[in-house]
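Structure, as structure tokens:
Atom set for the values below is all heavy atoms of this structure, side chains included, hydrogens, waters and symmetry mates excluded. Please read these numbers as outputs of a predicted model, since none were measured by experiment.
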Amino acid sequence: KVIITSKGLKLFGFWEGMPYGDPTDTYEDMLKLKNKLSKRIIIDYISQLDPAVACTVGMDDPETGERLLCGIYNDAEFVFPCEFFHFYKKKDVGIPYEYEEHIKSKLNIK
């Protein structure tokens, strides 16, 4: 689900265990999202965004122990953590359908 802040920002991908306070989603709910865009298109799109790295508390991947980049991506009105993108690339989590539509519109995909 996408949480909309009072400033109109749409937050997603923040779940329990991330160093950001209250979660917006659960990992299990993100696993249920099945996107129509290919994973490669989504990864390529998000990879061109510049993350804002601003955390002093980090997070490790629970399976690999890899230290994750701590920060956020801000894509117009959509905001999500760098850690979410790590799990998106490696696991079967999806992006919210609203964000998928945003990417399609940015890439001129019908």
Side-chain angles (χ1 to χ4, degrees):
K1 71 184 175 190
V2 174
I3 304 290
I4 301 175
T5 69
S6 61
K7 294 182 179 180
L9 295 175
K10 298 174 181 176
L11 308 177
F12 71 88
F14 297 86
W15 56 68
E16 192 72 36
M18 290 183 177
Y20 300 103
D22 293 336
T24 59
D25 305 281
T26 67
Y27 181 76
E28 293 74 23
D29 286 342
M30 301 301 285
L31 287 170
K32 295 175 187 172
L33 297 172
K34 304 300 178 200
N35 301 111
K36 292 181 180 162
L37 281 177
S38 76
K39 197 165 189 95
R40 176 56 30 212
I41 288 173
I42 295 169
I43 289 171
D44 288 349
Y45 177 82
I46 294 174
S47 292
Q48 56 86 31
L49 299 174
D50 291 323
V53 181
C55 296
T56 57
V57 177
M59 177 182 180
D60 296 332
D61 183 314
E63 289 183 8
T64 65
E66 174 186 356
R67 191 70 166 169
L68 305 180
L69 178 65
C70 184
I72 60 167
Y73 286 99
N74 185 335
D75 185 10
E77 70 268 20
F78 291 91
V79 176
F80 56 96
C82 295
E83 295 89 340
F84 168 82
F85 188 44
H86 166 83
F87 289 104
Y88 178 81
K89 291 185 286 187
K90 298 193 179 289
K91 303 292 182 182
D92 200 24
V93 296
I95 60 172
Y97 301 123
E98 293 170 70
Y99 189 54
E100 182 177 26
E101 290 302 315
H102 171 79
I103 291 173
K104 286 167 66 175
S105 113
K106 290 283 195 175
L107 298 177
N108 250 350
I109 296 173
K110 301 281 184 218

Who passes side chain to side chain donor-acceptor pair (under 3.5 Å) against [X], sequence neighbours left out?
X    : value
T26  : D29
K104 : E101
K36  : none

- Task: Under the ring pair (Phe, Tyr, Trp, His ring centres under 6.0 Å) rule, collect the residues that match up with Y97, sequence neighbours excluded.
- Result: none

- Message: Going by the rule side-chain contact (heavy atoms from CB on, under 4.5 Å), which residues pair with S6 if we only count those two or more places apart in sequence or in a different chain?
- Response: none

- Under the side-chain contact (heavy atoms from CB on, under 4.5 Å) test, residues paired with L31 that sit two or more places apart: Y27, D92, V93

Could you check if a side-chain atom of [X] sits within less than 4.5 angstrom of a side-chain atom of [Y], using non-hydrogen atoms only?
X    : Y   : result
I103 : I95 : yes
W15  : P81 : no
M30  : F87 : no
K39  : Y88 : yes

Interatomic distance, [X] atom [atom1] to [Y] atom [atom2] [nearest 0.5 angstrom]:
X   : Y   : atom1 : atom2 : answer
D25 : L11 : CG    : CG    : 9.5 Å
I42 : N35 : CD1   : CG    : 4.5 Å
K89 : I43 : NZ    : CD1   : 7.0 Å

Please table the atom pairs, donor to acceptor, closer than 3.5 Å between any side-chain atom in residues 70-79 and protein atoms at least two apart or in another chain.
unit_1, atom_1, unit_2, atom_2, d
D75, OD1, Y45, OH, 3.2
D75, OD1, H102, NE2, 3.3
D75, OD2, Y45, OH, 2.7
D75, OD2, Y99, OH, 2.9
D75, OD2, H102, NE2, 3.1

- Item | Within 6.0 Å of CD in E16, more than 12 heavy atoms from elsewhere | no

- Take I46 and F80 through the side chain to side chain contact (heavy atoms under 4.5 Å, CB included) test and state the conclusion after the steps. CA-CA 11 Å; I46 294 174; F80 56 96; 3.9 Å; yes

